[in-house]
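No hydrogens, no waters, no symmetry mates; every other heavy atom, side chains included, goes into these values.
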Amino acid sequence: MSAPVKIVGPFATAADTAKALGVSPARQKQLERLVDGLLSGRKRRPRGAASKSHESAVLRKKRSPANGKSLPNGNNKQRRAIK
Amino acid sequence: MATTNSGERLNSASPLAVFLNLPYDSKFQPLFLAYIAGVTAFGLTPRATLEIPGGTRRLDRIFAILSECPYSIHDLSRVQLNRTRPTTPRFNMPFELGLAVAHERAGHRHMWFVFEEMNRRILKSLSDLNGTDVYIHDGKIDGVFRELSNALSREERQPGLPQMWMVYRELRKAVPAVLLRTGSKTLFEARPFRDLSVIASNLADRIVEAGDE
């Protein structure tokens with residue numbers, strides 16, 4: 001076995017999956033709303049706007065020891081270079 | 001209805017279900033999500049022993065789920081001894097692969113696939129599979145998607161790797177909400193597994209279909 005297999009025919013929808021796994025229709029609705037939230041969050045950010053990870057990277061940089069404080073290992077080369 | 005590549009038709013109680021025989025440990029969590037994202041992107045329903053409630057005879061339920069699925073995927077990449085004393089290897093996954101092989105050999109329409117992390121390691125760990133195609137995923141999410149695409153194909157709505165990645169990323173974002181809603185500390189329990197499978201299927205409905213248009 002283990003040879004590649006071709007699947008033809010229907011595509012198991014979320015409703016099929018929920019039914020096969022015994023997930024109630026009410027729970028399925030809740031999960032659908034969760035997916036709506038995930039996908040709308042993905043679309044909401046306008047093109048070119050910074051992502052959350054980019055924003056946190058900027059914040060980390062602002063808080064870095066090179067901006068006015070000594071580095072913990074006493075190496076202040078980076079600080080001097082900025083000055 | 002599914003067919004083999006030689007055109008044979010597959011009959012089963014759940015014609016689009018795939019039995020996932022995977023390690024249940026925290027290090028494996030990214031690949032666990034990748035398998036769920038990947039198989040749902042192919043329009044299949046993931047099934048696993050995680051669904052089995054306590055109180056029933058486990059072996060009966062494993063065999064019941066396996067025999068409902070026309071496909072099974074067996075990831076044999078956890079061959080190490082676990083660290084908890086007494087240190088032991090886990091035999092569940094090769095055992096469940098054996099059940100799948102026996103089920104197929106008994107004349108049932110069942111197709112099983114073996115996945116591994118390292119090339120040729122299976123020749124040492126399970127040499128009975130010598131001559132069987134083994135899908136090597138390198139322990140990477142990309143590798144799981146690549147090997148699923150090598151093992152499975154669809155004429156219509158064939159998902160690409162970018163679509164599988166999209167399902168995976170959104171599914172990963174849903175993990176905290178799923179754990180909160182189910183009150184679970186780990187994804188390797190019945191309710192998180194069910195929720196994640198339905199969420200991934202829902203995402204695949206929208207992402208793979210949108211990609212086809």
Side-chain angles (χ1 to χ4, degrees), chain A residues 1-67 71-73, chain B residues 1-7 10 14-17 40 42-47 51 68 70-71 100-101 104 110-114 129 132-135 150-157 166 169-171 173-174 177-178 181 190 193-195 197-209:
Chain A
M1 194 50 63
S2 273
V5 63
K6 187 185 285 179
I7 306 160
V8 291
F11 197 91
T13 61
D16 297 329
T17 300
K19 198 176 167 189
L21 296 173
V23 175
S24 69
R27 182 74 174 153
Q28 197 194 325
K29 279 264 161 62
Q30 285 178 351
L31 296 173
E32 199 175 322
R33 279 199 292 273
L34 179 65
V35 172
D36 288 341
L38 289 171
L39 294 177
S40 65
R42 196 163 64 93
K43 285 173 190 164
R44 211 178 292 142
R45 186 158 55 88
R47 189 177 283 184
S51 68
K52 274 188 180 173
S53 58
H54 175 72
E55 283 167 7
S56 54
V58 169
L59 284 173
R60 274 199 305 276
K61 200 174 173 186
K62 278 183 182 171
R63 290 186 203 125
S64 73
N67 293 315
L71 292 167
N73 60 1
Chain B
M1 181 71 64
T3 64
T4 64
N5 48 350
S6 57
L10 291 167
S14 316
L16 295 167
T40 54
F42 273 96
L44 298 168
T45 295
R47 304 290 307 271
E51 298 168 39
E68 283 174 16
Y71 311 104
V101 175
E104 185 230 343
H110 185 87
M111 305 200 74
W112 47 272
F113 302 93
V114 180
L129 288 181
T132 303
D133 291 332
V134 176
Y135 296 88
N150 287 333
L152 308 168
S153 69
R154 268 192 177 273
E155 280 178 358
E156 293 167 9
R157 294 180 65 175
M166 218 179 279
R169 286 195 187 103
E170 300 303 325
L171 183 64
K173 283 185 206 165
V178 167
R181 280 168 190 235
F193 172 72
R194 287 195 189 110
D195 281 6
S197 300
V198 174
I199 290 169
S201 194
N202 208 313
L203 288 164
D205 282 353
R206 305 182 199 197
I207 290 168
V208 180
E209 188 154 28

(request) May I have all residue pairs that pass salt bridge (Lys or Arg N to Asp or Glu O under 4.0 Å) and include part of residues 7-16 of chain A, sequence neighbours excluded? (result)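 Qualifying pairs, neighbours excluded: none.
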(request) To the nearest 0.5 angstrom, please state how far the OG1 atom of A:T17 sits from the CD1 atom of B:I199. (result) 12.0 Å
(request) With a 4.5 angstrom heavy-atom cut-off, could you sort out which part of B:D195 is near chain A: side chain, backbone, both or neither? (result) both
(message) If I measure from the heavy atoms of chain A, does B:A174 come under 4.5 Å with its side chain, its backbone, both, or neither?
(response)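 Looking at B:A174, backbone and side chain both touch chain A.
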What is the minimum heavy-atom distance between [X] and [Y], and which atoms define it?
X	Y	answer
A:F11	B:R157	CE2-NH2, 3.1 Å
B:S201	A:A12	OG-O, 3.6 Å
A:A14	B:V198	CB-O, 4.1 Å

(request) With a 4.5 Å cut-off on heavy-atom pairs, point out which of B:T40, B:T45, B:L171 contacts chain A the most. (result) B:T45
(message) So B:R47 and A:L21, do their side chains get closer than 4.5 Å, heavy atoms only?
(response) yes
(request) State, with a plain yes or no, whether a side-chain heavy atom of B:R169 is found less than 4.5 Å away from one of A:L38. (result)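 No, their side chains stay 4.5 Å or more apart.
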(request) Begin from the C-alpha positions of B:L203 and A:L39 and carry the test side chain to side chain contact (heavy atoms under 4.5 Å, CB included) through to its verdict. (result) CA-CA 9 Å; B:L203 288 164; A:L39 294 177; 3.9 Å; yes
(message) So which residue, A:R27, A:E32, A:Q30, ends up with the most heavy-atom pairs under 4.5 Å with chain B?
(response)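 Going by pairs under 4.5 Å, I would pick A:R27.
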(request) Identify which one of A:L34, A:V35, A:L31 satisfies the side chain to side chain contact (heavy atoms under 4.5 Å, CB included) criterion when paired with B:N202. (result) A:V35
